[in-house]
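In what follows, chains are A, B, ... by sequence order, proteins preceding strands, each numbered from 1. In what follows, every heavy atom counts, from backbone to side chain, and hydrogens, waters and symmetry copies are set aside. Note that the structure is predicted; figures quoted are calculated from it, not measured.
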There are 2 protein chains.
Amino acid sequence: MINNYELYKVFYWAAKTGSLTQAAKALYLTQPSVSHAIKQLEESFGITLFYRNSKGVELTQEGAILYSYIEQSQILISMAEEKMAALKNLDSGELRIGGSDSLFKHYLLPYLEDFHQKHRGIKLHLSHGTTPEVITFLKEGRIDLGVVRMPIVDSQLEVKQSFQLQDCFVAGAGYAELKDMVLSMDMLLQYPIILFSRNSRARMTITEIFQSYGHTIKPEIEVGSVDLLIEFARRGLGISYVTREFVSKELEEGSLFEIQLDVPLPPSHVGIMTMRNMPLSGAARSFMDRVR
Amino acid sequence: MINNYELYKVFYWAAKTGSLTQAAKALYLTQPSVSHAIKQLEESFGITLFYRNSKGVELTQEGAILYSYIEQSQILISMAEEKMAALKNLDSGELRIGGSDSLFKHYLLPYLEDFHQKHRGIKLHLSHGTTPEVITFLKEGRIDLGVVRMPIVDSQLEVKQSFQLQDCFVAGAGYAELKDMVLSMDMLLQYPIILFSRNSRARMTITEIFQSYGHTIKPEIEVGSVDLLIEFARRGLGISYVTREFVSKELEEGSLFEIQLDVPLPPSHVGIMTMRNMPLSGAARSFMDRVR
DNA sequence: AGGAGCTATAGACCACATCTATGATCAATA
DNA sequence: TATTGATCATAGATGTGGTCTATAGCTCCT
């Protein structure tokens, strides 16, 4: 019918202000343009929409009916534009992140707090899972970005290297005799080892490292969370393999100390994954910039 | 923000069909035009609205939010256009007519029935009142047209002359002796006269006519409706001054007969009034054409 | 009578919406 | 693995129509 919705905007303002001149001002147009626009509408409907008089214009019966629809329509568009501006400003929206519990707690938490503080209107959705689960979330579009340990090899994903983490062996007061020693792998394996039970990247990595030196690392205890890994070590149940950055508090206060090995343990990196060639939401982009 | 609402129409179809190509077909555009339109929206919002892939496009989170508003907006516009088409076709709308009871009943009724039959969707509003009341209704915009006796002199009104009516004196069986006589005014005034009580144009006219011949007509009985005027005459209570066309049934069946006077009574006309220089609704225009 | 509003009309102009043609990418074929 | 047939993106040309200026016509108010 009408192939130029701009005409409705003009109609809306003309009806709202009761004046073509006022409508023109509101729309940054000239009065003849508005007059012409209204005429086009009237001609294509075959219906007179306004009574014209020397004080301005007034809706006819039929014009009033049209207005009742168009008004709602225009209000929705205004709301849409406001919403888009809010999304752009990060005053609104949502940010969905996937990752492991420990990374959320020990690494992402300050960024999340900071981001939430800056952008109160943005809802945070955190999904925790193992690395493969997080990748699935990402591919299913259930999260905007995933935070996991590198390396990730998946052509569909784009991974940005972020923080460097250093895994290490730590023990508590019960093993104080090891504090100033430099241990070999052989020696270390004499002690009870506590490892993370789930198929985590850290677990796979340490197993491979020991294997490359001809050793097999077999844990005495397997636990299901990083917190337990720390707690068990503190209580002297064995030597835990943890990420140094996650136990910085305990190392400082002395409730744990790091075991020095005679071979280097390679550092690992935290990567932030996104879908390759998929546009990021404003919130996700902003968050990534912040974490870097 | 967006200064071309056409873009929203394009966005709506692109989102709805999930394909720029399909949207282009729906809008009778080419695919590059649609692509360009979406890009404009995205650039002016600074927000990516669609994921593009080889099967088509898919809304992003933010695009989906925009769509929730725009969809409603577009639906309202479609409804508006349908409504306008219905008003134009006279499948919908309303027709508000003002007039006197007697004109509605004895004169307009068949037209109203016919119009209602043809245009079932149009609501009829009938307001009855005296001629000055009807004029007021018209000026207040409460009716679309008024049907009253001519002449009307009012520069704001446009009056189209319609049917001609002839007022006359009628009597019932009780005055059978007058049936084949031609009476003078003097003679007529010997009999009890029944006139309409309200300040109707007919009452004023007949008073003036008698005055112009040097007589004064004073009713024995005054009644408040044309129906009573007829009924009182039938029952022999006197001679009623009525519009001939309103008693055609009684004249035919013989329950009333017309008194012949030796002076002519001037005919009167029914006029259809509208506001001068005010556009008429489609329904009103159509009705007027029908009545002519 | 004059002025200050308002809307309507006429005619000119140039931005921009749309087009055609082509490229790039992907997926499902042969 | 090459091919075909989809998709969307890009570039450049084109001409329509939205917008402008200027002016007229009208009504109301001083």
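Using a 4.0 Å heavy-atom distance criterion, B:Ser33 is classed as a base contact. Among the protein residues, A:Glu6 comes within range of no part of the nucleic acid, since none of its heavy atoms lies under 4.0 Å from any strand.
Of the two residues contacting DNA chain D, namely A:Asn53 and A:His36, the nearest-nucleotide position lying further toward the 5' end is that of A:His36. Of the two residues near DNA chain D, B:Gly56 and A:Ala37, the one whose nearest nucleotide lies more 5' is B:Gly56.
Distance, A:Trp13 CH2 to C:dT7 P: 16 Å, rounded to whole Å. Spacing between atom CD of A:Glu58 and atom P of C:dC6 amounts to 16 Å, rounded to whole angstrom units. B:Leu29 places its CG atom 18 Å from the P atom of C:dC16, with the value rounded to the nearest Å. Between B:Lys9 atom NZ and C:dA17 atom P the separation is 13 Å, expressed in whole Å. Look at CG on B:Leu20: it is 14 Å from P on C:dT18, rounded to the nearest Å. Summarising the geometry, the separation between CD1 on A:Ile38 and P on C:dT9 is reported as 14 Å, rounded to the nearest angstrom. In this structure, the CG atom of B:Leu41 is 13 Å from the P atom of D:dA9, given to the nearest Å. Atom CD of A:Gln31 is separated from atom P of C:dT9 by 11 Å (rounded to the nearest Å).
Inspection of the A:Gln61 and B:Asp144 side chains reveals an N or O donor paired with an N or O acceptor under 3.5 Å. B:Thr48 and B:Thr60 are not linked by any side-chain donor-acceptor pair at a separation below 3.5 angstrom, with hydrogens and angles left out of the test.
B:Arg52 has a side-chain polar atom (N or O) that falls below the 4.0 Å cut-off from OP1 or OP2 of D:dA9. The side chain of A:Ser35 contributes no N or O atom lying less than 4.0 Å from OP1 or OP2 of C:dT7. For A:Lys39, no side-chain nitrogen or oxygen approaches OP1 or OP2 of C:dT7 to under 4.0 Å. At D:dG18, one or more side-chain N or O atoms of A:Gln40 fall inside 4.0 Å of OP1 or OP2 (strictly under the cut-off). Contact annotation: A:Asn4 does not reach the phosphate of D:dG17 (side-chain N/O to OP1 or OP2, under 4.0 Å). An OP1 or OP2 oxygen of D:dC8 is reached within less than 4.0 angstrom by a side-chain nitrogen or oxygen of B:Thr21. An OP1 or OP2 oxygen of C:dG5 is reached within less than 4.0 angstrom by no side-chain nitrogen or oxygen of A:Ser54.
Of all nucleotides listed (D:dT7, C:dC19, D:dC8), C:dC19 comes nearest to the side chain of B:Thr30. Of the candidate nucleotides C:dA17, D:dT21, D:dC8, D:dT21 has the atom lying nearest to any side-chain atom of A:Pro32.
Taking the six-membered ring where the residue is Trp, the centroids of A:Tyr8 and A:Tyr5 are separated by under 6.0 Å. Here B:Phe163 and B:Tyr107 bring their ring centres to under 6.0 angstrom of each other.
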Dump the intermediate steps for salt bridge (Lys or Arg N to Asp or Glu O under 4.0 Å) on A:Arg52 and A:Glu42, then the final yes or no. CA-CA 13 Å; A:Arg52 278 81 162 166; A:Glu42 290 183 325; 2.8 Å; yes
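Note on ring orientation: taking the six-membered ring where Trp is involved, the planes of A:Tyr12 and A:Tyr67 are parallel (angle under 30°, cut-offs 30° and 60°).
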